[in-house]
Structures are given as structure tokens and as C-alpha cells.
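A, B, ... follow the sequence lines: proteins, then strands. Residue 1 opens every chain.
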There are 2 protein chains.
Amino acid sequence: MPRPKEFNPDDAIEKAMHVFWHKGYEATSMEDLLTAMDLNRGSLYDTFGDKRQLFLKVIDRYCHGFVAEKFLLLDQPGPALPTLRRFIHEMIEGALADPQRRGCLIANTVMELSPHKKEIAGTLRQALKMAEDTFFKVLARAKQQGELKHDKDPRALARFLATMMQGTIVMIKAGASADVVKQTAETALSILN
Amino acid sequence: MPRPKEFNPDDAIEKAMHVFWHKGYEATSMEDLLTAMDLNRGSLYDTFGDKRQLFLKVIDRYCHGFVAEKFLLLDQPGPALPTLRRFIHEMIEGALADPQRRGCLIANTVMELSPHKKEIAGTLRQALKMAEDTFFKVLARAKQQGELKHDKDPRALARFLATMMQGTIVMIKAGASADVVKQTAETALSILN
DNA sequence: TACATATTGGAACGATCAGTCAATAACCTG
DNA sequence: CAGGTTATTGACTGATCGTTCCAATATGTA
């Protein structure tokens, strides 16, 4: 049996995630990653492969270990619409609370890389689809429970909410004030009435 | 009087714009720009300064000579809401028709650079504010002309539309289908009813 | 004709880029 | 303790980055 690693690969991935999240893919250098992850070139390349492979792992980690967990809140039983409203609200509060205003790593990557790198575009589409589907489930439940009028289309509303969420991220990154962002979200949510 | 330039600086800026629009700021090299603009290093640096200054000129050009012109459509007299709907529709058609799905240079730059580069963030915020204000004007006019119910808030709706527009751009860059994008826009516009 | 300036093409700058490699150190098993 | 295996380390690669500079050439005006 070999010598064990001196670092935790999961922790290292998470540290790399924050760098990519902050600076974007192109602007992040291996030097940045090495210092942030606090390991040496050899260890990084041996463990995670090159920059592209590391980034794919980071994206995967962000989607499954960071975003998915928050969307779990929407799967709880009980009143659906209040839960949905609370979720949106918390998402916005979280994005506003980040002093760096990094927004969403998925949206950032969509904007930076999606048109060029096909392999990663698939993963990103999948993540957005997951968000849409989760919205759909909670909206369908809301309709079933009589919280949503009969003429509302849960699928269309889910797509609308997903799109609105991305737009909100853009506005937050652009420096919009908290008040304006929240008011705009309320306007958007009024479509559920 | 000196020898005149052999190239049209405006055309050169526009060519540079398309490169930045396609690849983003960081991923665009001076080499890319030189070949696209079809001029030499000396000419480029003498005329436009360094990469950062050139990019600022590009952004300015995009905002004033590319976007502003399209928003002029909203200033026409007559029925306001149909004009607004047509504008949104055309914006989406244009973005979908671009085979490269480059989205919006302003949104791209907000996502890539806004949190880091303060000087450019101001220009971007200004551009987004212009969009919001133009939406506001047309919505205020709609309300005045009785096309919009009395309980609707033009300012809130304008911010909503601006945010929705950005979200739509993200979805288009993420590869959403034309049908879904248009349906989602219709859902968003139903808020005006 | 002569001066002034722009273009051209390329050489070269230091810095940084992503990635490689071999020597060294640390650990586990036997 | 010894032998084997792997992690760590830091120097090193070639390529590319943005930028500067220069000498040669071309073209306008005075």
C-alpha cells in the first residue's frame, strides 16, 4: 500500500470551485489554483488531470453538491407556493449576500464557455433542466393542491421561473441594488396569482 | 498634414466588437484582433491604445451604435404594447438567428468582468439602465393610453422585462430551443394583461 | 522637393501560460 | 527494519500573452 495523500481531494475541489466561481475559467490560472488549493503542481496534475478536467469536476461538484442540495427544499410536502416563494427569496438573499457577487457558477460558465465547448455545454444544460424540472414538480403539486389556478401551465411557469432566475443573477452581477432585485422578483412571482 | 489612415477606424472597431462578442474579453488575444481587424500591431496600438482601451471603445460602440438603435423602435407613437411585444419578439428572433449564439455583449461582459473591473461596470450598468428606462417610457405611455391596467406599476414592469431579457439571453446561450424560448417569453409577457 | 506623419512588417521584451519530469521524502506492508 | 509504492517538490519546457520599438515605405501637404 502506498503513501496516503496529505490533502483531501474533496476539499481541494471545493477550493478550486471558489476560484473558478470568482474569476471564471479563462482568467483562472493554474498558479491561482495551486495557491488556493494549497498543493503542488505534481499533486494537482496527478490527482485531477489538467485544467479542463479539473474544471469539469468542479462543475460537477457545484451542480450535485451545492445547487442540488438547495433545490431539495422544494421537495418538502405541505403548501407548495409558499415554499417556492421562500426558495426564490433565499436564492436571491444568498446571491446578494456574497460580497464578491459571483452569481451562479452554472450561469457564469454558460455565458463564458457554452457556445465554444460542447462537452461542458451538455452538463450545463442538464443542470438548468434539473432546475426547471424541480420548479415544474412543485408547481404541478401546487396546482394539484389547488394553490394554482386551473388555467396555469406548470411547465411554462417552470421555464419562466428558471429564466427569471438567470436574469436575476445577471442583474445582481451587474450591481443592482437589493431593493430593486427583490421588487423585481416579487413582480415576477405575481404571475403565479 | 500627415498621411491619412488606410483603414476606417469605425469599421475596425466593429470588427473587433465581433471578436470580443464571440470569444469574450479574456479569451480574445491581440493576435485574434489583429487578423480580424486586418491591421498591424503598430496601427492598432497607435490608434486604439491597448487591449483594455480598445475593449472600452468596443463596448461604447455596441451600446450606442448597436443596441440603442434597436431601442429606438420603442419610441414610435401609436399603440405601445404591440410595439413592445414586437420588440421583444424581434430581439429573441435576432438572438436565436445568430448561429454562434453570442447573446448580448453587455450581458456577456457583465458576467465575465463586472465583479472585477469597476470602470467598465459603470458603463454596463448605464446600458442596462437605458434599457430599463426605455421599457419604462413605453409602459408609462401604455398606461396613459389605457392599454395597461391602473394597478400596474410601469417602473416595476420595466425592471421585470429588463431582467427577463437577460435571463432569456442566458437560456439562448445555454442552447434552449426556439420554441421554448418563445413560449417562455409569452409567459413573461402575460404579466402585462 | 521636402517635411511630417501613417502604415507596414517584424524583432524582441518580460511575463505568464498550461503542462512535464526527475529527484526527494513519506508512508505502508511484509 | 527493509522494500516498494506513491506523494511531494520545484525546477523546467515551449508556447503564448500583451506590449514596445524600430526601420522601411508610402502618402499627404507646404
Query raised in the report: Side-chain N or O of B/N40 less than 4.0 angstrom from OP1 or OP2 on C/dT7?
Result: no
May I have the distance from [X] (atom [atom1]) to [N] (atom [atom2]), rounded to whole angstrom?
X: A/N8; N: D/dA7; atom1: CG; atom2: C1'; answer: 15 Å
X: A/Y45; N: D/dT8; atom1: OH; atom2: P; answer: 16 Å
X: B/D46; N: D/dC22; atom1: CG; atom2: C1'; answer: 12 Å
X: B/L44; N: D/dT19; atom1: CG; atom2: C1'; answer: 11 Å
X: B/F20; N: D/dG18; atom1: CZ; atom2: C1'; answer: 12 Å
X: B/L34; N: C/dG9; atom1: CG; atom2: C1'; answer: 12 Å
X: A/L39; N: D/dT6; atom1: CG; atom2: P; answer: 19 Å
X: A/E31; N: C/dT20; atom1: CD; atom2: P; answer: 16 Å

Report task. Examine distances only and state if a side-chain atom of A/R101 and a backbone atom of A/I169 form a donor-acceptor pair shorter than 3.5 Å. Result -> no
Query raised in the report: How far does CG of A/L72 sit from NZ of A/K70, to the nearest 0.5 angstrom?
Result: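 These two atoms lie 12.0 Å from each other.
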Requested in this report: Working to the nearest 0.5 Å, report the span between CG of A/L139 and NZ of A/K152.
Outcome: 11.0 Å
Query - Least distance between heavy atoms, A/I120 atom then A/F55 atom - result: CD1-CE2, 3.1 Å
Report task. Measure from the side-chain heavy atoms of A/S43 and tell me the nearest of C/dT7, D/dT8, C/dT20. Result -> D/dT8
Query raised in the report: With a 4.0 Å cut-off, would you call B/D32 and B/K23 a salt bridge?
Result: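 Salt bridge between B/D32 and B/K23, a charged N being under 4.0 Å from a carboxylate O: yes.
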**Report entry** Protein-to-nucleotide contact annotation, 5' to 3' order, nucleotides 10-16 of chain C [B base; S sugar-phosphate only; - none; under 4.0 Å, heavy atom]
**Finding:** BB-----
Requested in this report: Go through the steps for B/R155 and B/D133 under the test side-chain contact (heavy atoms from CB on, under 4.5 Å), then give the verdict.
Outcome: CA-CA 8 Å; B/R155 179 56 66 182; B/D133 286 345; 2.9 Å; yes
Requested in this report: Could you check whether the rings of B/F48 and B/F7 sit parallel, tilted or perpendicular, using 30° and 60° as the cut-offs?
Outcome: tilted
Requested in this report: Hey, can you tell me if B/F66 and B/H18 have their rings parallel, tilted or perpendicular (30° and 60° cut-offs)?
Outcome: perpendicular
Query raised in the report: What about the rings of B/F71 and B/F87, do their centers lie closer together than 6.0 Å?
Result: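 Aromatic pair counts; centres sit under 6.0 Å.
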Query raised in the report: Hey, would you say the B/Y62 and B/F20 ring centroids sit under 6.0 Å apart?
Result: no
Query raised in the report: What stems involve DNA chain D, if each pair must be Watson-Crick or G-U and both of its distances must be under 3.5 Å, with 3 or more such pairs in a row?
Result: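 DNA chain D forms these stems: C:1-27 with D:4-30.
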Query raised in the report: Got a sec? Which of residues 48-59 of chain A come in under 4.0 Å of DNA chain C, heavy atoms?
Result: A/D50, A/K51
Query raised in the report: Between the side chains of A/N193 and A/K149, does any donor sit under 3.5 Å from an acceptor?
Result: no
